[in-house]
Amino acid sequence: MSKYRTHTCGELNLDNKGKNALISGWINKKRDHGNLLFIDLRDNYGLTQCVIDKSSAKFKELEKLPLETVIKIKGKVIVRSKETINTNILTGEVEVSIEDFEILGRTKELPMPVFSDQEYSEEIRLKYRFLDLRRKKIHQNIILRSKVISFIRSEMQKLGFLEFQTPILTSSSPEGARDFLVPSRLNPGKFYALPQAPQQFKQLIMVSGFDKYFQIAPCFRDEDARADRSPGEFYQLDIEMSFVEQEEVFQVVEELLVKVFKKFSDKKILSEKFPRISYSDAMLKYGSDKPDLRNPIIISDITEIFKRDDVKFEIFKKLVKSGSIVRGLVAKDTKDKTRSFFDGIDKWAKDQGSSGLAYFTLEKNQKISGKGPVGKFFSEDALKEIMKEMDAKIGDTIFLSCGQKENVENILALAREKIGNELKLIDKKIFSFCWVVNYPMFELDANSKKIKFSHNPFSMPQGNVNNLDLSNPLNLKAYQYDIVCNGVELSSGAIRNHIPELMYKLFDIAGYSKKDVDEKFSGMINALSYGAPPHGGIAPGIDRIIMLLADEKNIREITMFPMNQNAQDLMMNAPSNIEENQLKELNLSIKKKD
RNA sequence: GGGGGUGUAGCUCAGUUGGUUAGAGCACGUGCCUGUCACGCACGGGGCCGAGGGUUCGAGUCCCUUCACUCCCGCCA
């Protein structure tokens, strides 16, 4: 028998009636009636109410113990009278009558209460993470995370995938995010980099003939944090398969994600066969490559309307003449909304850094007219055309943005979300997945005006690989795909380019010479030259999946020991200063900041 | 690197137009209370109002600087 317990705190019920029990845990809550004391004892599994009255010699001592003291209680399981049953806890039909107890771990005064639904500052939560993690909601989130990862692992194994570890100390790569660097003692002046993803390794695993690989892989990127993005490290379900085309990757991932989301959430999956949307369609209709498809609002391009003579909206017309575009969206059935609602949207848009949103509401008395600040600029014919183009009806409001494509996409994507929320168009009880496909291989860097890889440089371009027209690289599409769920980018993947000659050509377009490629990607390019199978994969973000399942907006709520926004661990005091001799060994010196 | 928000008791927060001794709930301490489950009641300890400077007869409150936390933009193949 265990020295500490015969049962956990979530275990006792009517079956244990009259039995002796030994339970250990934290004092979650006391209710002291002076002559009668209730103690809720908590462990990982649940709560058990324990009771003692003043006739017991132990009463006085127990009464004095502060919350969160760890104790062992010895007592008898007794059945609660009907009116004192607590249906909120697993053990609510019984309680333990305390005969003896022992203090296992004392506590100082708590810097933050454990028993409370209150919210606390991140600072205190992160510094005392071990207390924070005792609290119910986050404790359950972390358990959920563990279960999801175990489930994924076993499903992947069932699907015939093999799990492999890849190095944590590897080489810095020029593409992508900023690397975390680790100085090498044995190779003075040289550095390892922590992997941003096991990208090259997983491809090397395919070249090595292992066929189907997965890993719950830590990834390290030294970029600034966001609510949904930890600084430093995050986890991906890294997957790679040989001898597959895009569709075969889709099949595996759809099946897996549907299983995971069905098992761990009550929310409905809108379509188990994820709809596919081309990147260009997504940018047009949703202004974003991570559209929230729960939101029914769709963006349309009506630039042409502003070239008509019966449209007098001179500001937009002038901009259109000089190359701007006009796109807009329809807020359905908003004729009864107040002026302040519309102005609020316009003001909000300006706060987002745009030039604002023009709007008018469609009315019909004798004839169709536009009501609102810019409504008068449109003839009835023009309005009819707009209604046709945008699928708008009388009583709807049209919001318009005019400007450079990128800015228009941006503000309308935000407006779509904002208006969708304000009009309560977004069903919070569903998951709406989609594939975004046909990403461009290259894009123009806005600052340098140079052509760069738009996603992953190792992706396979679409078209006949033996006779690819590279004269207009910006038109080239790649077998590159993302999964988006409820507006969250869940994963990114691609069919890889396994043909070295083609890879040199593509890198050349992005400004890398053959020599550059040979140096920077030596492991990969070398391997591809010795008989590489066609292969492809994907890497769903574990943290984001858990966030969706746990319905949390902040990644720290599903991360056991996260860093704060400045990439500091307040509990462990990382990063920290190091000893002079450590620096010396590494041949490093710190330049003082002035 | 840039913009917004917050900072008052151990914790969560009030604090009016600049005006006496800065409040509440929880936690902690003392006492009362035998069926509570957010138990109740009474009393008590606890404050460099993030830090520094300024305006003023007088600053938690106004101004400047700075620090911390957070959200967003940039960044994140």
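Every chain is numbered from 1 and lettered A, B, ... according to where its sequence line falls, protein lines coming before strand lines.
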As a test of reading the structure: which of B:rC28, B:rC76, B:rU12 is closest to the side chain of A:S121, going by heavy atoms?
B:rU12
Watson-Crick or G-U wobble mate for B:rC49, both contacts under 3.5 Å
none
Base, sugar-phosphate, or nothing: which does A:E119 touch, judged by heavy atoms less than 4.0 Å apart?
sugar-phosphate
B:rC13 to B:rC73 separation - P atoms, rounded to the nearest Å
25 Å
note: A:E93, atom CD; B:rU36, atom P; distance rounded to Å ~ 18 Å
Rounded off to whole Å, could you give me the CG-to-P distance for the A:D224 and B:rG4 pair?
18 Å
Could you check whether A:K202 pairs with A:E240 (Lys NZ or Arg NE/NH1/NH2 to Asp/Glu carboxylate O, under 4.0 Å)?
yes
Applying a 4.0 Å non-hydrogen cut-off, can you work out what A:L37 is touching in the nucleic acid: base, sugar-phosphate, or nothing?
nothing
Rounded P spacing from B:rG18 to B:rA59 in Å
14 Å
Closest to the A:R556 side chain: B:rA27, B:rU70, B:rG74?
B:rU70
Give me the distances for all protein-to-nucleotides 37-45 of chain B N/O pairs that come in under 3.5 Å?
| residue | atom | partner | partner atom | Å |
| --- | --- | --- | --- | --- |
| B:rC37 | O4' | A:R31 | NE | 3.0 |
| B:rC37 | O2 | A:Q49 | OE1 | 3.4 |
| B:rC37 | O2 | A:N86 | ND2 | 3.0 |
| B:rC37 | N3 | A:R80 | NH1 | 2.9 |
| B:rC37 | N4 | A:T84 | O | 2.4 |
| B:rC39 | OP1 | A:K29 | NZ | 3.0 |
| B:rC39 | OP2 | A:R31 | NH1 | 3.1 |
| B:rC39 | N4 | A:D32 | O | 2.2 |
| B:rC39 | N4 | A:H33 | N | 3.4 |

Residues from residues 562-576 of chain A lying under 4.0 Å of RNA chain B - heavy atoms:
A:N564, A:Q565, A:N566, A:Q568
Pair up each side-chain donor or acceptor in residues 498-505 of chain A with any protein partner under 3.5 Å, not counting sequence neighbours, and list the distances.
| residue | atom | partner | partner atom | Å |
| --- | --- | --- | --- | --- |
| A:Y504 | OH | A:D518 | OD1 | 2.5 |

For RNA chain B, what residues of residues 231-239 of chain A have any heavy atom nearer than 4.0 Å?
none
Is the ring centre of A:F250 less than 6.0 Å from the ring centre of A:Y481?
yes
Please name all residues satisfying side chain to side chain contact (heavy atoms under 4.5 Å, CB included) with A:F115, sequence neighbours left out, ordered by chain then number.
A:N28, A:K29
If the cut-off is 4.0 Å, is A:R178 near the phosphate of B:rG74, judged by side-chain N/O to OP1 or OP2?
no
Using whole Å, what does the distance between atom P of nucleotide B:rC72 and atom CD of A:E223 come to?
15 Å
Please list, in numerical order, the residues of residues 124-139 of chain A that have a heavy atom closer than 4.0 Å to any atom of RNA chain B.
A:I124
So which one's nearest nucleotide on RNA chain B is more toward 5', A:D53 or A:G176?
A:D53
Expressed in whole Å, how much space separates the P atoms belonging to B:rC33 and B:rA42?
16 Å
Across all strands, who's sitting opposite B:rC28 as a Watson-Crick or G-U wobble pair, both distances under 3.5 Å?
B:rG44
Measure the distance from CG on A:D543 to P on B:rC76 and round it to the nearest whole Å.
19 Å
When you measure from the side chain of A:N421 to the backbone of A:E417, do you find a donor-acceptor pair of N or O atoms at a distance under 3.5 Å?
yes
Expected list for residues 224-234 of chain A: side-chain donor-acceptor pairs under 3.5 angstrom, two or more places apart:
| residue | atom | partner | partner atom | Å |
| --- | --- | --- | --- | --- |
| A:R229 | NE | A:D224 | O | 3.3 |
| A:R229 | NH2 | A:D224 | O | 2.6 |

In whole Å, measure the gap between the P atoms of B:rG29 and B:rG46 for me.
16 Å
Taking salt bridge (Lys or Arg N to Asp or Glu O under 4.0 Å) as the cut-off, I'd like each qualifying pair that reaches into residues 437-446 of chain A, sequence neighbours left out, listed once.
A:E443-A:K452, A:D445-A:K452
Expressed as a whole number of Å, how far does the P atom of B:rG10 sit from that of B:rG45?
15 Å
Going by the salt bridge (Lys or Arg N to Asp or Glu O under 4.0 Å) test, which pairs reach into residues 44-60 of chain A, not counting sequence neighbours?
A:K58-A:D100, A:K60-A:E63
Separation between the P atoms of B:rA24 and B:rA9, rounded to whole Å:
14 Å
Distance in angstrom units between A:W26 CH2 and B:rA27 C1', rounded
20 Å
So for A:R221 and B:rC76, does any side-chain atom that can act as donor or acceptor lie under 3.5 Å from a complementary atom in the base?
no
Same-atom distance (C1') from B:rU30 to B:rC48, integer angstrom
29 Å
For the side chain of A:Q118, counting heavy atoms from C-beta on, which of B:rC73, B:rG25, B:rC28 is nearest?
B:rG25
Ring centres under 6.0 Å, that's the criterion: do A:F442 and A:F453 meet it?
yes
Donor-acceptor contacts, no H, no angles, side chain residues 66-73 of chain A, under 3.5 Å, sequence neighbours left out:
| residue | atom | partner | partner atom | Å |
| --- | --- | --- | --- | --- |
| A:E68 | OE1 | A:R42 | NH2 | 2.9 |
| A:E68 | OE1 | A:R134 | NH1 | 2.8 |
| A:E68 | OE2 | A:R42 | NH1 | 2.9 |
| A:T69 | OG1 | A:P66 | O | 2.6 |
| A:K72 | NZ | A:K3 | O | 3.2 |
| A:K72 | NZ | A:E102 | OE1 | 3.4 |

Please test A:Y213 against A:D238 for side-chain hydrogen bond (donor to acceptor under 3.5 Å, both in side chains), starting from the C-alpha separation and ending with a verdict.
CA-CA 8 Å; A:Y213 143 88; A:D238 202 36; 2.8 Å; yes
Give the nucleotide from the list B:rG74, B:rC11, B:rC71 with an atom nearest to the side chain of A:A227.
B:rC71
Quick one: ring pair (Phe, Tyr, Trp, His ring centres under 6.0 Å) pairs with a partner in residues 30-69 of chain A, sequence neighbours left out?
A:H33-A:F38
For B:rU61 and B:rC75, measure between their P atoms and round to the nearest Å.
39 Å
Does a salt bridge link A:D117 with A:K137, judged by any charged N lying under 4.0 Å from a carboxylate O?
no
Interatomic distance where CD1 belongs to A:I98 and C1' belongs to B:rG35 [whole Å]
14 Å
Applying side chain to side chain contact (heavy atoms under 4.5 Å, CB included) to A:P167 and not counting sequence neighbours gives A:F201
Length of the line joining A:E123:CD and B:rU8:C1', which is rounded to integer Å:
15 Å
Between B:rG1 (C1') and A:D222 (CG): distance, integer Å
15 Å
Once the angle between the rings of A:Y512 and A:F507 is folded into 0 to 90°, is it parallel (under 30°), tilted (30 to 60°) or perpendicular (over 60°)?
perpendicular
Where the side chain of A:Y120 is concerned, which of B:rA68, B:rU30, B:rU12 is the nearest nucleotide?
B:rU12
Can A:E99 and A:K74 be counted as an ion pair, charged N to O under 4.0 angstrom?
no
Determine: side-chain N/O of A:N554 to OP1/OP2 of B:rC71, distance under 4.0 Å, yes or no.
yes
